[in-house]
Amino acid sequence: MSNTAQPVRLSELVATLSLVSDLGMGRPMERVLRQTLIALRLADAAGVEAENRAAAYYTSLLTWVGCAADTSEVAALFGDETALYADTHDGDLGGMTMALFVLRHLGGGSSRLHRLGMMGGFLATAGRSVQRVMQNHCLAASDLAGRLDLGDEVSRPLLQAFERWDGRGVPGREGALDLAPAIRVVHLADVVEAFFDTGGKAAAVQVAQERRGTQFDPALVDAFLARADEVLAGIGDVQVWDEVIALDPRLGATLTEAELDRALEAFADFADLKTPYRTGHSRGVAAWATRIAGRLGLSDADTTLVRRAALVHDLGVIGVPSPVWNQPRWSVSERERARTHPYLTERMLSRVPGLEAVARTASLHHERLDGSGYPHGLGRDALPLPARVVAVADAYQSLLDADPREPALDPDQAALRLREQARAGELDADAVNALLASNGRRARKREVTPGGLTDREVEVLIELARGLSNPQIAAALSVSRKTVSTHLEHIYAKLGVSTRTQAALFAMQHGFVGAPPD
């Protein structure tokens with residue numbers, strides 16, 4: 001039985017991710033939707049072929065989602081990533097201009113001495129750390145497009161998100177006609193939307209003229225200048241969500257139940273990229289919640305609801321700046337900011353017809369039966385059983401996960417803490433007992449390890465996915481740094497990946513992190 005009131009459209013699910021981008025980058029909600037509407041109008045004005053126009057639709061919705069997720073490295077380099085992203089449209093960031101932009105923002109919020117050290121490192125390495133972060137974002141977005149079955153026509157342009165027409169982008173391997181038509185359209189639409197929002201048509205036209213032939217395809221700029229009134233008509237006034245969904249080039253294609261489950265798993269992994277210590281958290285919560293549902297005898301529909309809500313319960317985490325999550329101790333304002341994430345989850349998902357119940361259940365995972373939870377302080381009578389199940393699963397997995405404010409507990413310690421919360425009237429006692437009863441199984445040894453990894457390589461992969469550096473991995477596993485480097489070379493080669501982000505996604509997808517034992 002399906003737990004969705006109606007089939008979920010692919011376009012609506014991907015459009016939801018555009019809202020994630022807006023939140024994660026600290027930009028106004030629906031900014032990416034407006035960008036997408038401009039991109040489609042621009043494609044029409046330029047006579048872009050139908051298949052490239054269709055690719056531009058989904059490329060636009062996903063282009064910046066990588067920037068919203070894997071932000072821990074950005075925060076380490078620049079401080080609050082939302083402040084950085086807010087400044088990215090102002091200048092024509094190519095070549096030396098990009099280097100100066102980076103130097104101006106490196107070490108944001110740090111001491112002058114620390115900033116000077118970071119600047120020296122940036123110059124000494126020719127900016128490789130920043131380039132790596134930018135490429136990670138592209139790879140993450142492209143991977144997500146692949147998992148949503150959007151095809152190479154979308155995955156490939158997403159790899160070129162930071163390239164430029166003049167070839168002076170990042171990584172600077174492609175330019176001009178080597179750039180996919182879809183990303184050329186998106187590059188121009190992105191900046192046109194930003195300047196139109198702050199300065200109207202005159203500002204949008206001026207920036208297009210100034211960056212013609214440098215950042216942007218000259219032919220696209222000419223098409224925009226010739227029909228700017230048409231491209232920008234009503235952009236600030238239309239119901240942009242409805243408009244963009246109506247323009248879906250796949251004509252409202254819906255997802256099967258299995259496709260929806262795979263898409264929500266991709267959402268879960270993407271949310272967990274926000275900070276390394278969260279790697280695999282959402283899949284773990286979904287696994288525990290499903291076990292509890294089985295022990296309590298929930299219906300098939302409610303079990304599906306529980307699993308799906310658990311997968312996406314922390315999507316709103318992306319909307320809170322990384323420095324908040326990475327603080328070892330929260331100020332009052334940081335705590336309040338962190339506590340908005342369940343509300344943000346509901347706000348994003350509730351727009352998708354068919355996911356209203358999932359959105360509502362997911363948003364309640366920090367509420368408590370005695371009214372002590374957040375964000376609404378709801379009590380027992382307002383919390384249905386599926387929401388209580390997700391809350392218990394999240395509480396338990398969170399106890400097992402280390403974060404900057406709390407060390408990880410072992411399963412026995414976590415069980416004791418969970419029982420205490422049930423006795424205090426915070427968590428549903430039946431759900432707690434069901435989880436603990438399901439936790440006594442011995443883990444089965446894998447007959448075949450995914451990727452052909454050795455046991456030691458799996459151990460290294462797990463620590464890498466959790467964000468540990470090579471020296472930290474060496475200390476954790478009591479091996480030399482050289483041994484760690486050798487293992488990482490083998491891991492990357494076997495998995496066919498080149499970044500920590502890709503390795504972390506593999507670890508989550510194959511149950512190396514987060515998931516409870518079978």
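Bear in mind the structure is a predicted one, so any value in this text is a computation, not a measurement.
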Got a donor-acceptor contact below 3.5 angstrom from the [X] side chain to the [Y] backbone?
X      : Y      : result
Ser18  : Ala15  : yes
Asp166 : Gly213 : no
Thr279 : Pro276 : yes
Arg211 : Val191 : no
Arg164 : Phe216 : no
Arg283 : Asp269 : no
Asp217 : Arg184 : no
Glu265 : Arg262 : no
Glu356 : Gly354 : yes
Gln502 : Ser498 : yes

Heavy-atom side-chain proximity of [X] to [Y] below 4.5 angstrom:
X      : Y      : answer
Phe506 : Asp143 : no
Pro218 : Arg212 : yes
Phe196 : Ile235 : yes
Leu19  : Leu33  : yes
Thr340 : Pro375 : no
Asp190 : Trp64  : yes
Arg337 : Pro321 : yes
Leu453 : Val460 : no

Between the side chains of [X] and [Y], does any donor sit under 3.5 Å from an acceptor?
X      : Y      : value
Thr499 : Thr501 : no
Gln160 : Glu174 : yes
Glu336 : Trp330 : no
Asp248 : Tyr58  : yes
Ser282 : Asp272 : yes
His281 : Asp394 : yes

Ion pair present between Asp44 and Arg53, side-chain N to carboxylate O less than 4.0 angstrom?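 Answer for the salt bridge query: yes.
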Looking at Glu230 and Arg41, is there a salt bridge between them, counting it only when a charged N and a carboxylate O are closer than 4.0 Å?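 Salt bridge between Arg41 and Glu230, a charged N being under 4.0 Å from a carboxylate O: no.
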Looking at Arg481, I want to see if its CZ is surrounded by more than 12 non-hydrogen atoms of other residues, nucleotides or ligands under 6.0 Å.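 Counting neighbours around CZ of Arg481, 12 or fewer heavy atoms of other residues, nucleotides or ligands fall under 6.0 Å, so no.
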Return yes when atom CD of Gln239 has more than 12 non-hydrogen atoms of other residues, nucleotides or ligands closer than 6.0 Å, and no otherwise.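 It does not: Gln239 CD has 12 such atoms or fewer within range.
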Would you please test Glu193 and Arg31 for side chain to side chain contact (heavy atoms under 4.5 Å, CB included) and show each step? CA-CA 8 Å; Glu193 189 282 332; Arg31 194 206 73 80; 3.0 Å; yes
Before giving the answer on salt bridge (Lys or Arg N to Asp or Glu O under 4.0 Å), spell out for Arg147 and Glu259 the whole-Å C-alpha distance, their side-chain angles and the decisive distance to 0.1 Å. CA-CA 10 Å; Arg147 293 176 66 184; Glu259 288 171 339; over 6 Å; no
For a side-chain hydrogen bond (donor to acceptor under 3.5 Å, both in side chains) check, start with the C-alpha distance between Thr486 and Glu489, then their side-chain angles and the critical distance, and finish with the verdict. CA-CA 5 Å; Thr486 301; Glu489 288 178 10; 5.4 Å; no
Please determine whether salt bridge (Lys or Arg N to Asp or Glu O under 4.0 Å) holds for the pair Lys494 and Glu457, giving the CA-CA distance in whole Å, both sets of side-chain angles, and the decisive distance to 0.1 Å. CA-CA 10 Å; Lys494 289 180 179 181; Glu457 287 168 350; 2.8 Å; yes
To the nearest 0.5 Å, tell me how far [X] [atom1] sits from [Y] [atom2].
X      : Y      : atom1 : atom2 : value
Arg360 : Leu349 : CZ    : CG    : 13.0 Å
Leu260 : Leu355 : CG    : CG    : 6.0 Å
Leu150 : Leu62  : CG    : CG    : 6.5 Å
Leu179 : Leu159 : CG    : CG    : 12.0 Å
Leu488 : Arg500 : CG    : CZ    : 12.0 Å
Leu344 : Glu346 : CG    : CD    : 10.5 Å

What closest approach, in Å, do [X] and [Y] show between heavy atoms, and which atom pair accounts for it?
X      : Y      : result
Ala55  : Glu153 : CB-O, 3.4 Å
Phe224 : Ala204 : CE2-O, 3.8 Å
Trp241 : Glu12  : CH2-O, 3.6 Å
Ser60  : Thr36  : OG-OG1, 2.7 Å
Ser350 : Ala359 : N-CB, 3.7 Å
Ala504 : Ala465 : CA-CB, 3.9 Å

Check against side chain to side chain contact (heavy atoms under 4.5 Å, CB included), Phe267 and Leu17: CA-CA 8 Å; Phe267 277 35; Leu17 282 173; 3.5 Å; yes
Name the one of Asp314, Leu273, Asp403, Val513 that satisfies side chain to side chain contact (heavy atoms under 4.5 Å, CB included) with Arg278?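 Filter result, single survivor: Asp314.
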Let's go through Glu334 and Arg405 carefully: what are the C-alpha distance in whole Å and the side-chain angles of both, what is the deciding distance for salt bridge (Lys or Arg N to Asp or Glu O under 4.0 Å) to 0.1 Å, and is it a yes or a no? CA-CA 13 Å; Glu334 287 168 340; Arg405 290 159 300 283; over 6 Å; no
Side chain to side chain contact (heavy atoms under 4.5 Å, CB included) between Tyr57 and Val154: does it pass, once the steps are laid out? CA-CA 9 Å; Tyr57 179 90; Val154 175; over 6 Å; no
Set of residues satisfying ring pair (Phe, Tyr, Trp, His ring centres under 6.0 Å) with respect to His365, sequence neighbours excluded: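 By the ring pair (Phe, Tyr, Trp, His ring centres under 6.0 Å) rule, His365 matches His313, His341.
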For a side chain to side chain contact (heavy atoms under 4.5 Å, CB included) check, start with the C-alpha distance between Glu163 and Ile183, then their side-chain angles and the critical distance, and finish with the verdict. CA-CA 9 Å; Glu163 296 284 14; Ile183 200 64; over 6 Å; no
